[in-house]
Visitor: 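Questions regarding the structure given below will be posed in turn.
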Amino acid sequence: MDQTTRILGIESSCDETAAAVVENGRSIASSIVASQIDLHAAYGGIFPEVASRAHIECIESVVSQALSTAHVGLESLDAIAVTRGPGLAGSLVVGMNMAKGMAMGAGLPLIGINHLEAHLYSLWLVADENEPEFPLLGLIVSGGHTELVLMKNHLTYQRLGGTLDDAAGEAFDKIARLLDLGFPGGPAIEAAAEGGDPTAFDFPRAWLEGTWDFSFSGLKTAVLREVRELEPDLEAGVASPSVDLPIADLAASFQAAVVDVLVGKTLSAADEFGAGQLLVAGGVSANRSLRTTFLARSKVQVRVPPIELCTDNAAMIAAAGHWRYLAGQRDALDIDVMPNWPIA
Ligand code: KG4
Ligand code: ZN
């Protein structure tokens with residue numbers, strides 16, 4: 001039995017302001033997430049300045065809701081875990097300053113957490129009695145990240161690869177914008193792809209043989225070129241709603257290309273490194289085609305946490321905080337955020 005802990009997690013790396021109380025790295029006593037998605041929709045993507053201002057406006061209330069929902073006061077916490085990076089600098093600072101202030105005021109240890117590591121620890125929040133099996137292969141696919149990470153043991157990682165250009169979710173968002181489908185693009189593309197033919201357009205797959213990296217820029221350009229051919233008067237890179245484009249086929253063919261590469265490379269890596277289990281996390285893991293393709297093709301167990309634990313949340317930060325706390329990590333109150341912090 002692991003030592004009992006109660007950790008407050010704080011997350012503000014991108015466009016979600018979140019706080020949570022987690023016991024023993026597994027049991028969620030509260031998890032509050034304030035999403036800014038509506039604020040960013042007008043820009044068709046995350047606008048950093050808007051994000052940090054929105055974090056400042058709601059962080060105090062999000063943290064106090066997390067504590068009151070869990071019915072705990074600061075005195076019954078063991079530590080405060082906060083996302084230190086990677087993420088938007090101006091956004092990270094808001095969560096970090098909140099955590100530092102509380103840690104100082106209440107005399108609690110401060111633990112800086114890598115956001116990507118935390119995505120992996122979301123698996124412990126859904127693990128029941130069954131311990132996840134090492135080595136565990138994690139694919140973290142969101143609007144900001146496409147990372148393939150081998151978790152060899154607790155707190156021990158090997159970064160296999162990641163995107164060289166756009167993150168997978170970013171590619172969904174950009175193609176949705178091109179097709180005038182709205183933001184966030186992932187769910188819009190997924191809905192538009194229903195009834196479409198995924199083989200209608202033979203879009204390129206960047207396999208980048210010999211590496212575990214990904215690239216979506218060639219695919220993005222190929223879709224743009226196709227739309228330009230179908231709509232020569234394309235304005236400002238956004239298709240005109242009045243032009244009769246084969247949206248369903250374009251969306252389905254684009255989605256198939258992304259899913260093919262994500263699943264294909266992840267499963268090859270699982271084979272090569274003898275992974276006992278696969279974890280798919282991040283907003284893009286909501287994609288049903290991605291989930292079903294993984295489940296159909298993987299030889300080892302695939303875990304996809306429920307969507308509220310796949311998208312950015314603070315329960316995963318607190319869960320990672322538990323293991324770092326047990327390992328003895330205590331950070332100084334003058335630590336800085338690390339916007340480009342790699343997991344390994
Ligand atoms: O993890 P997440 O909520 O947060 C950030 O990255 O900030 O991921 C959001 C990303 C967006 O790019 C969104 O378009 C994508 O995840 N996404 C999806 C789906 N739902 C969300 N992509 C593909 N299919 C989906 N169903
Ligand atoms: Zn994330």
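Hydrogens, waters and symmetry mates play no part in the numbers below; they use all other heavy atoms, side chains included. Remember, it's 1-based here, ligands and their atoms both numbered in the order they're listed. We number each residue from 1, following the sequence as shown.
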Visitor: Is it the side chain, the backbone, both or neither of Cys14 that has a heavy atom closer than 4.0 Å to ligand 1?
Guide: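 The answer is the side chain.
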
Visitor: On the 0 to 90° scale, with breaks at 30° and 60°, tag the His115-His119 ring pair as parallel, tilted or perpendicular.
Guide: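 Aromatic pair His115/His119 classed perpendicular.
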
Visitor: Taking 2.8 Å as the distance threshold, tell me the number of protein N/O/S atoms next to the Zn ion (ligand 2).
Guide: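 With waters ignored, the protein N/O/S count below 2.8 Å is 3.
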
Visitor: Not counting sequence neighbours, which residues clear side-chain hydrogen bond (donor to acceptor under 3.5 Å, both in side chains) with Glu226? List them please.
Guide: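 Not a single residue meets the side-chain hydrogen bond (donor to acceptor under 3.5 Å, both in side chains) criterion with Glu226.
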
Visitor: For Phe134 together with His154, are the ring centres under 6.0 Å from each other?
Guide: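 They qualify: ring centres under 6.0 Å apart.
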
Visitor: Which of the atoms of ligand 1 are close to Glu190, meaning less than 4.0 Å from one of its heavy atoms?
Guide: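 Every atom of ligand 1 under 4.0 Å from some heavy atom of Glu190: 24 (N), 25 (C), 26 (N).
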
Visitor: Can you tell which part of Asp173 has a heavy atom less than 4.0 Å from ligand 1: side chain, backbone, both or neither?
Guide: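 Just the side chain.
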
Visitor: Once you restrict to heavy atoms under 4.0 Å, what part of Asp15 touches ligand 1? Side chain, backbone, both or neither.
Guide: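 Near ligand 1, Asp15 shows its side chain, while the N, CA, C and O stay back.
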
Visitor: Among all protein heavy atoms, pick out the one at the shortest distance from atom 6 (O) of ligand 1; state its residue, atom name and that distance to 0.1 Å.
Guide: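 That would be Gly143 N, 2.7 Å.
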
Visitor: For Gly144, take its heavy atoms, then give the atoms of ligand 1 lying under 4.0 Å from any of them.
Guide: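 Every atom of ligand 1 under 4.0 Å from some heavy atom of Gly144: 6 (O).
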
Visitor: Counting non-hydrogen protein atoms only, what is the nearest one to atom 15 (C) of ligand 1? Give residue, atom name and distance.
Guide: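 Of every protein heavy atom, Val284 CG2, 3.9 Å lies nearest to atom 15 (C) of ligand 1.
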
Visitor: Test your reading of the structure: does Phe172 have an N or O sitting under 3.5 Å from an N or O of ligand 1?
Guide: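 No - when backbone and side-chain N and O of Phe172 are compared with those of ligand 1, no distance drops under 3.5 Å.
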
